[in-house]
Amino acid sequence: MADHKLNAKKLLAYNRINNKYTIPSHNLYPHQWSWDSPWIMYGYTELKEFDNAENEIFSLFDYQWTNGLVPSIVFHNLENNTYFPGPDMWDLHITADHLTNKNNCTGIVQPPIHADACLKLFQKSKNLKFLEAIYPKLLKWHKYLYNERDINDEGLVYIRHPWESGMDNSPNWDESLNRINITEFKYSKMRTDNKKVNSDERPTDITYERYLYLINLFKECRFDEKQIFHKSEYIIQDVLFNTLLLKSNYALLEIVKILNYSNDINLLNYWINKTKASFESKFFKNDFYYDYDLKAEKLIENKTISGISAILTCEKPKLLVNSLKDNFLDIKNNNYNISSLDRNHNMFDSINYWRGPMWTNLSWLIISGLYKVNEIELANKIRLNCIKKIEEIGFYEYFNSNDTENKKSSGCGDNCFSWTAAMYICLTSNIKM
Ligand code: DGY
């Protein structure tokens, strides 16, 4: 295990650029990604590489827009043009010049786990100066989400692009995306991802056309959130996104107590109570938490890993344990890989990105939730399965969720992936989110 931990540390160093930020991987993702950075920070924190963790978050938040938006990707190195779509597809210097003076980033977001990762970092580093410097940026980020992405003022924020969910091709987006009519394939030929790794493990071309259609719509609306809301077919309140928002609100509350910023306590409690209440009343049905399609005004009744992630903060975690066992594991075959989609769903595909494979970051999140509700034996089995898999196969982006023998071929997407290395460190140290 010690060797593997050293390898994880070395991999993070290899993917760290100028000791400032960490790219997910050199091959497929050669820039900085917003929700990768906090997962990576948990790893740095556990390694006591506090400077690396602090630099990571500042490198990202340096690109925060004036309205508080934190971009999903920062293209720090403009010379690297091997990723599609790059900064030229966003044209921010023309389309968002009233919101940012940087044009080497995107105009969409990713799940808000940043505040939680910053709190965990402070709890180990005890660096108050760091906390004082990052707190106003984190608060501004959450204000953006509540002010701009909660159109009904119900405490649930929405996403406006599948990439904002972090689960790009989840079947939960199919119905909304299918409402976007594509008449010509313009952009998918420019893809680089499906040439770098096995294309069966990536989204389809038509899905990419719709991803790019949405980017063009945002540009047309000059990133005016209200206009986008009215014109777009894809507006979703996602369970994972709101779970992480809630988790990070709790972290912010803890942070203001540490910093003695009592003026913000009421606002944070207000957000927490409102989000919690709507989360339970809107997302929960029978025994599961479902995403909500704000355009079709209905629950999206697929059981996906997004719903299981609610275990971290929801009020009915025990019901989710049953669903985890019945739908996402295959216990009778001794299979403890948490799949990203219900194994009985007709779209289940054990190697295709967010349509079935096992991911280590969300596995760690769910393991943390299981420990919280005292499901120690199950949590340990899943945790040890993840550790063994990474040790035997490598630091892959995701894994074939049907493989119990840890065959080399079951590593999916890219290899040498930063958050898998960070998660290995967290899983072996047995720390919790
Ligand atoms: C990708 O390119 O696959 C990313 O997930 C988009 O953020």
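Whatever order the structure lists ligands and atoms in, that order sets their numbers, starting from 1. A quick note: this is a predicted structure, and the numbers were derived from the prediction, not measured.
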request  = Note the single closest protein heavy atom to atom 2 (O) of ligand 1, along with its residue, its atom name and the distance in Å.
outcome  =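 Residue, atom and distance for the closest contact: Y83 OH, 2.5 Å.
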
ask   = Which heavy atom of the protein is the closest neighbour of atom 7 (O) of ligand 1, given with residue, atom name and distance?
value =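 Looking only at protein heavy atoms, the one closest to atom 7 (O) of ligand 1 is W33 NE1, 3.0 Å.
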
query = Does some side-chain heavy atom of K5 sit less than 4.5 Å from a side-chain heavy atom of S429?
reply =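 In short, these two side chains touch, coming nearer than 4.5 Å.
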
ask   = Would you say the side chain of N400 lies within less than 4.5 Å of the side chain of P357, judging by non-hydrogen atoms?
value =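 Heavy-atom side-chain distance check fails, nothing below 4.5 Å.
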
request  = Assess whether atom NZ of K316 is packed by more than 12 heavy atoms of other residues, nucleotides or ligands within 6.0 Å.
outcome  =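 Enclosed: over 12 neighbouring heavy atoms sit under 6.0 Å from NZ of K316.
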
key: Close-contact set for ligand 1 against D168 heavy atoms, below 4.0 Å   =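 So the atoms of ligand 1 that pass are 1 (C), 3 (O), 4 (C), 5 (O), 6 (C).
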
request  = Provide the number and element of each atom of ligand 1 under 4.0 Å from a heavy atom of W163.
outcome  =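 Heavy-atom distances to W163 below 4.0 Å select 6 (C), 7 (O).
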
ask   = Counting distance only, does the side-chain N/O of W65 pair as donor-acceptor with the main-chain N or O of P71 below 3.5 Å?
value =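 Here the side-chain-to-backbone pair does not exist.
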
message = We want to know whether E164 and S72 form a side-chain donor-acceptor pair, criterion being a heavy-atom distance below 3.5 angstrom.
response =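 Result is no, nothing qualifies.
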
inquiry  = If the contact criterion is a heavy-atom separation under 4.0 Å, does Y29 count as touching ligand 1?
reply    =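 Yes.
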
ask   = Does Y353 come within less than 4.0 angstrom of ligand 1, counting non-hydrogen atoms of the residue?
value =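 Yes, that is the case, since the closest heavy atom of the residue is under 4.0 Å from the ligand.
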
task = Scan Y234, Y211, F241 and name whichever one has a ring-ring contact (aromatic ring centres under 6.0 Å, His included) with H161.
result =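 With H161 as partner, ring-ring contact (aromatic ring centres under 6.0 Å, His included) holds for just one option, Y211.
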
request  = Give the contacting part of H31 toward ligand 1: side chain, backbone, both or neither, where contact means a heavy-atom distance below 4.0 Å.
outcome  =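 It is neither part, as no heavy atom is under 4.0 Å.
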
